[in-house]
Amino acid sequence: MEVTRGYRAECVRLLSRILAVQTETISSKWGSGIDFEKMPEQYERTLAYANSLRSILDAAGNNPELSSIIADRLKQSR
């Protein structure tokens, strides 16, 4: 998929939605390609936290009780 036309643009749009950063900022200041080597460290940490949460939710999917606990905690943290 990485070599398909529009893949980087889709990555930029996804990062923009997740991190609440303008797409223009990501496109012009975070480096070329899909590695985004100039991404500020604060956003790298945020993505790491989001990825950890995704892993936890994936694991909880097999346990309805745990899924319910996590969902309740997330609602409380808003």
List in chain and number order the residues that pass ring-ring contact (aromatic ring centres under 6.0 Å, His included) with F36, two or more places apart in sequence or in another chain; answer none if no residue qualifies.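 Partners of F36 under the ring-ring contact (aromatic ring centres under 6.0 Å, His included) test: none.
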What pairs meet the side-chain hydrogen bond (donor to acceptor under 3.5 Å, both in side chains) rule with one or both residues in residues 33-49, with sequence neighbours excluded?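 The answer is E41-R45.
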Would you mind writing out the side-chain donor-acceptor pairs for residues 7-23 within the sub-3.5 Å range, not counting sequence neighbours?
{"residue": "R8", "atom": "NE", "partner": "G33", "partner atom": "O", "Å": "2.6"}
{"residue": "R8", "atom": "NH2", "partner": "G31", "partner atom": "O", "Å": "2.6"}
{"residue": "E10", "atom": "OE1", "partner": "R13", "partner atom": "NE", "Å": "3.4"}
{"residue": "E10", "atom": "OE1", "partner": "R13", "partner atom": "NH2", "Å": "2.8"}
{"residue": "S16", "atom": "OG", "partner": "V21", "partner atom": "O", "Å": "2.6"}

How would you list, by chain and number, every residue that makes a salt bridge (charged side-chain N to carboxylate O under 4.0 Å, His left out) with D58, sequence neighbours excluded?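 D58 satisfies salt bridge (charged side-chain N to carboxylate O under 4.0 Å, His left out) with R54 only.
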Pairwise distance NZ(K29) to CE(M39) - rounded to 0.5 angstrom: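 Result: 15.0 Å between the selected atoms.
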Pairwise salt bridge (charged side-chain N to carboxylate O under 4.0 Å, His left out) hits with a residue in residues 61-72, at least two apart: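 Passing the test, one end in residues 61-72: no pairs.
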